[in-house]
Amino acid sequence: MTSVQDSSATDSAATLRAAMVDQLRTTGDAIKTGQVAAAVGRVPRHLFAPDEPLEAVYAANKALVIKRDGNGAALSSLSAAHIQAVMLEQAELEPGMRVLEVGSGGYNAALIQEMVGNGGSVTSVDIDQEIVSRARACLGAAGYRNVEVVAADAEAGVPERAPYDRIIVTAGAWDIPPAWQEQLTNDGRLVVPLRLRGLTRSIAFDWVDEYGDVGLVSRSYRLCGFVPMQGLGTFRERLVPITDEVVLQVDDPSQEFDVEGLRDALDTPKLERWSGAAFDLPDELELFLVTNFPQVAQLHVDETQVQNGRFAPSAARGVPTLVNGGSFAYRTKRPNEKTGGFESGVVAHGPDADRVAEHYVELLRRWASDHRRSGAARIQYVPKAAGTPAPLVGLVPKRHGAVAVRWP
């Protein structure tokens, strides 16, 4: 028998779920199609986070941590509904498709099952047996008993259930292992949160082998953030301390830095250069910058360094930084009505500050004149077996291949 309290909770969940769907359809450009809207509207998200308040579960932009390590870092989470909807739209799922989900939580697999229907199949893989058991229990409680949840290292995929029409990755990946490519059908699609020089984008890749291109080519990409991949796919970005308050975050293992020279550069006068270009679309601009620098890092400084005037506010949040020997430059902004609100500029330090500043400013101007729009980049993943793509500008080396980012 259903109690009055249970019935009231169910009604509240349904009301909040409908409101979340409406928000995802009308704001943030997340849900675009009726198929995704219907799936999000049907799956009881609260059953996959039973210990959380309903208001938190059905907040469109709130991720919920499911498991932490001994230091408090998130190991697994129920991603925000917003990014889950975005990735499902990128995947363009159809009834009858075979889908592999990398990273289990249960809820996203239920959404996928709703979209592929009884004629399709959903396999979800996670390296953590505790997360696998939890996902199975939540899926069962919500009535989704046809999802196969597998405990394994996702670096190898799940070959026994391949091939897949879609592979959807729900953990931050630094690289794309060969198994994911091999287990896709010829017209399959991989949707993966891929890290590129300190930035993460959910990229929808299709496989191509034509007109001189061999590899995975992007169809779309969106800003996102996920807990990092575990197992063989683990990759930790380096932190290069310049001082106790100034750190470079680096994800290219081949890059080396003149730490002593950069430390000396901090004591040189601050050089400012202004581009005359508008500052907007910062996510797109940052992707353009990090894929066009010869040597790049993300600069992070303690808030006290901003308060005492040594650094611009952008450095406290993390900002793409061009490094050349013992000199560096990073992006800033200032109010300027002539550029629509704000103007992009550069702060530089070091003996070669003028040159690195001018290089940075030239890129800001090129972005504003040639590429100032969303989705301007063409991102290609080329496996090692296919050789190194040209040109080298915009090439991001990886363990199993390289990512070539071009700005037509």
Side-chain angles (χ1 to χ4, degrees), residues 63 66-67 69 73-80 83-84 86-88 90-91 99-105 108-109 112 123-128 131 150-159 162 164 166-184 188-207 215-238 249-253 283 286-287 290-291 298 377 379-384 395-405:
I66 301 302
K67 182 177 181 180
D69 65 15
L75 292 175
S76 179
S77 66
L78 175 58
S79 300
I83 188 57
Q84 290 175 312
V86 164
M87 294 178 73
L88 291 176
Q90 287 183 296
V99 182
L100 173 65
E101 179 196 37
V102 174
S104 296
N108 198 60
I112 295 169
T123 303
S124 185
V125 59
D126 200 284
I127 197 171
D128 190 326
I131 296 300
V150 178
D153 191 322
E155 183 85 356
V158 184
Y164 303 101
R166 298 289 188 268
I167 297 178
I168 302 175
V169 183
T170 61
W174 185 79
D175 199 2
I176 298 177
W180 296 356
Q181 301 169 61
E182 294 162 0
Q183 292 171 25
L184 274 178
R189 176 170 295 179
L190 167 68
V191 181
V192 55
L194 188 62
R195 286 153 58 196
L196 300 169
R197 292 182 169 168
L199 307 179
T200 303
R201 298 292 183 269
S202 173
I203 307 174
F205 284 110
D206 289 345
W207 181 265
L216 296 165
V217 175
S218 65
R219 294 297 176 242
S220 66
Y221 59 89
R222 296 287 296 271
L223 178 70
C224 69
F226 281 87
V227 297
M229 191 76 63
Q230 300 179 54
L232 293 175
T234 298
F235 181 89
R236 301 299 181 197
E237 295 173 334
R238 285 185 294 149
Q249 177 185 342
V250 186
D251 86 341
D252 185 340
D283 300 328
E286 290 201 342
L287 183 62
V290 302
T291 56
Q298 296 287 328
I379 305 172
Q380 182 180 3
Y381 187 91
V382 182
K384 281 186 176 178
L395 188 68
V396 182
K398 298 291 183 179
R399 184 181 299 127
H400 301 298
V403 182
V405 185

| task | Quick one: do D153 and I127 satisfy side-chain contact (heavy atoms from CB on, under 4.5 Å)? Show the steps, please. | result | CA-CA 5 Å; D153 191 322; I127 197 171; 3.8 Å; yes
| query | When you look at I112 and L88, which way does the side-chain contact (heavy atoms from CB on, under 4.5 Å) test go after all the steps? | reply | CA-CA 8 Å; I112 295 169; L88 291 176; 3.9 Å; yes
| query | Could you walk me through whether W180 and V192 pass the side-chain contact (heavy atoms from CB on, under 4.5 Å) check? | reply | CA-CA 10 Å; W180 296 356; V192 55; 4.1 Å; yes
| said: Using the rule given for side-chain contact (heavy atoms from CB on, under 4.5 Å), can you reason through K398 versus V403, listing the C-alpha separation, both sets of side-chain angles and the distance that settles it, and then say yes or no? | reply: CA-CA 7 Å; K398 298 291 183 179; V403 182; 4.1 Å; yes
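Pairing each heavy atom of A154 with each of V102, the nearest pair is CB-CG1, 3.3 Å. Between Y164 and V158, the shortest heavy-atom contact is OH-O, 2.6 Å. The heavy-atom pair separating A156 from Q183 by the smallest distance is O-NE2, 2.9 Å. Taking each heavy atom of H400 and P177 in turn, the nearest pair found is CD2-CA, 3.7 Å. Contact detail for G198 and Q298: the closest heavy-atom pair is CA-CG, 4.2 Å. The minimum heavy-atom distance between S202 and C224, with the atom names listed, is N-SG, 3.3 Å.
Side-chain contact check for N108 and E101: at least one donor-acceptor pair (N or O, by modelled atom type) lies under 3.5 Å.
For E237, the side-chain hydrogen bond (donor to acceptor under 3.5 Å, both in side chains) partners at least two apart in sequence or on another chain are Q249. Qualifying side-chain hydrogen bond (donor to acceptor under 3.5 Å, both in side chains) partners for Q84, counting only residues two or more places apart in sequence or in other chains: R45.
The structure places CD of E155 at 8.0 Å from CE of M229, a figure rounded to the nearest 0.5 Å. How far CG of D175 is from CG of L194: 7.5 Å, rounded to the nearest 0.5 Å. The CD1 atom of I203 sits 9.0 Å away from atom CD of Q90, with the distance rounded to the nearest 0.5 Å. We find the OG1-CG distance between T123 and L100 to be 6.0 Å, quoted to the nearest 0.5 Å. Atom OG1 of T200 sits about 11.0 Å away from atom CG of L287, to the nearest 0.5 Å. Distance check, rounded to the nearest 0.5 Å: OG of S218 to CG of L190 gives 11.5 Å.
Contact of the L216 side chain with the Q181 side chain is registered, since non-hydrogen atoms from C-beta on lie closer than 4.5 Å. Inter-residue side-chain proximity for D252 and P397 is flagged as met; some heavy-atom pair is nearer than 4.5 Å. M87 places a side-chain heavy atom less than 4.5 Å from the side chain of P193. Two residues are said to be in side-chain contact when any heavy atoms from C-beta on lie closer than 4.5 Å; R236 and P228 meet this criterion.
The aromatic rings of F235 and W174 sit parallel to each other, their planes meeting at less than 30°, with 60° as the upper class boundary.
The pair R197-D251 does not meet the salt-bridge criterion, since no charged nitrogen lies less than 4.0 angstrom from a carboxylate oxygen.
R189 places no side-chain N or O within donor-acceptor distance of the main-chain N or O of L184, the cut-off being under 3.5 Å.
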